[in-house]
Protein chains: 2
Amino acid sequence: MRPPDFARMLRRSGGRATPGRLRLMRALWKEPAPVTAARLQKSLGRTLNLATLYRALDALAGVGVVRRVDFRHGHAHYELAAPARAHHHHLACTGCGAVEDVSCTLRPRLKRASAFSAITDHAMEYFGLCKACGARGAERVSRTRTEAME
Amino acid sequence: MRPPDFARMLRRSGGRATPGRLRLMRALWKEPAPVTAARLQKSLGRTLNLATLYRALDALAGVGVVRRVDFRHGHAHYELAAPARAHHHHLACTGCGAVEDVSCTLRPRLKRASAFSAITDHAMEYFGLCKACGARGAERVSRTRTEAME
DNA sequence: AACACAAATGCGAATTATTCGCAATAATGT
DNA sequence: ACATTATTGCGAATAATTCGCATTTGTGTT
Ligand SMILES: [Mn+2]
Ligand SMILES: [Mn+2]
Ligand SMILES: [Zn+2]
Ligand SMILES: [Zn+2]
């Protein structure tokens, strides 16, 4: 699958197609799983200031181009969203940090009428142990921190 | 509904029933929605040191007595879990921070075999606009920070 | 092609939530 | 009453994320 037209995507969402944000998008496009801002910066060869990167990620998340994911690691992870990548969720190993995409099985909207007028988004992550970690024994594993968890 | 036997609950989960943790449990029991550590401390009359509170919440979350909830506010929220409160999720207003409980509609487990040996937990929150915020207009609302969001 | 203006960037400093080290206490089982 | 070990308080440390501000640079328009 070839990369989308990021420049157009950025402009369409009300922003500018700066070289930095284009590199950011291309880097995210290659990531198989949500990454931290720090790792993303590293993968960009440090060419983008971290504060700038955070601002970009925040802005892009604001317009739905990027999704922020919480794996309970104490820091945020980001991945491409919207038109670039199909909506999905994750299954994360609490032992080694391995992440697997899972499709969204949520009913389109909550059935019962609630005190809400609109539901605009949702977050959902599954946590468990990958086969490897499950075999190694849950306890020993639980205090391991792998590169994959960063 | 009368409060559970927190002392027993704490001991059964491998901890001690200290006056501090008992107060903590009772305070959580009264909260209608997940609260931050800071707010919880305040509701405890500052009688518990914040570091201690964080350690307690972390320990209790570890044994499943407490659940940590992420509303994308930049800080964690906590609520009673396990036997005390039935498993559920939330619908949070991105305008004013109002929170409504929603039942869990997730299939017990993912059907397809995955590279995982066990799924032990999951997080899921819906985001949207409550009727009040929906009426007031989404944009104006989006930059409001209410006490309910703390 | 030259302009005008808002958006984006870099840098360093500031915030904030959360965690740690460590010595002192106190809960629990014997 | 005793030994063991979890829990606590304090202050200091971290780590992630954000801010202020001056400077640069896209982009739409003359
Ligand atoms: Mn993904
Ligand atoms: Mn709740
Ligand atoms: Zn694993
Ligand atoms: Zn609202």
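Within every chain, numbering begins at 1; the chains are lettered A, B, ... in the order of the sequence lines, protein sequences first and strands thereafter.
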* Asked: Taking atom P of C:dA7 as reference, at what distance in whole Å does atom CG of A:Leu53 sit?
  -> 20 Å
* **Gap between atoms CG and C1', on B:Leu48 and D:dT7 respectively (whole Å)** => 10 Å
Would you list the protein and nucleotides 28-30 of chain C atom pairs, both N or O, that sit under 3.5 Å from each other?
| residue | atom | partner | partner atom | Å |
| --- | --- | --- | --- | --- |
| C:dT28 | OP1 | B:Arg11 | NE | 2.4 |
| C:dT28 | OP1 | B:Arg11 | NH2 | 3.1 |
| C:dT28 | OP1 | B:Ala17 | N | 3.0 |
| C:dT28 | OP2 | B:Arg11 | NH2 | 3.3 |

* **Interface with DNA chain D, restricted to residues 21-46 of chain B and to heavy atoms under 4.0 Å** => B:Arg21
* Can you check whether B:Leu129's main-chain N or O pairs, donor with acceptor, with A:Ser117's side chain at less than 3.5 Å? -> yes
* With sequence neighbours excluded, tell me which residues meet ring-ring contact (aromatic ring centres under 6.0 Å, His included) with B:His87. => B:His89, B:His122
* To do: Return yes if some donor-acceptor pair links the side-chain N/O of A:Gln41 with the main-chain N/O of A:Leu48 below 3.5 Å, else return no.
  => yes
* Asked: Over how many whole Å does the gap from B:Asp70 atom CG to D:dA16 atom C1' extend?
  -> 14 Å
* Look only at the side chain of A:Thr120 and the backbone of B:Phe127, and say whether a donor-acceptor pair between them is shorter than 3.5 Å. => yes
* Check whether any side-chain N or O of A:Arg85 sits under 3.5 Å from a backbone N or O of A:Trp29 as a donor-acceptor pair, and report yes or no. => yes
* Anything under 30° is parallel, anything over 60° is perpendicular, the rest tilted; go ahead and classify A:His77 against A:His73. => perpendicular
* Structure fact -> Side-chain contact check for B:Ala56: nearest option of C:dA27, C:dA17, D:dT8 is D:dT8
Look for any protein N or O under 3.5 Å of an N or O in nucleotides 18-21 of chain D and output each such pair with its distance, or none.
| residue | atom | partner | partner atom | Å |
| --- | --- | --- | --- | --- |
| D:dG20 | O6 | A:Arg55 | NH1 | 3.2 |

* Would you find a donor on one side and an acceptor on the other, under 3.5 Å apart, between the side chain of A:Glu125 and the backbone of A:Leu91? -> no
* Which part of the nucleic acid, if any, lies within reach of A:Ala76 when heavy atoms closer than 4.0 Å are counted: base, sugar-phosphate only, or nothing? -> sugar-phosphate
* **Non-neighbouring partners of A:Arg39 that pass salt bridge (Lys or Arg N to Asp or Glu O under 4.0 Å), sequence neighbours left out** => A:Glu147, A:Glu150
* Length of the line joining B:Leu57:CG and D:dT8:P, which is rounded to integer Å -> 11 Å
* How far apart are the C-alpha atoms of B:Leu10 and B:Arg16, what are their side-chain angles, what is the distance that settles it, and do they pass the side-chain contact (heavy atoms from CB on, under 4.5 Å) test? -> CA-CA 6 Å; B:Leu10 288 172; B:Arg16 294 176 180 178; over 6 Å; no
* Considering residues at least two apart in sequence or located in another chain, which fulfil the salt bridge (Lys or Arg N to Asp or Glu O under 4.0 Å) criterion with A:Arg72? -> B:Asp121
* Gap between atoms NE2 and C1', on B:His75 and C:dT19 respectively (whole Å) -> 18 Å
* Which of parallel (below 30°), tilted (30 to 60°) and perpendicular (above 60°) describes A:His90 and A:His88? -> perpendicular
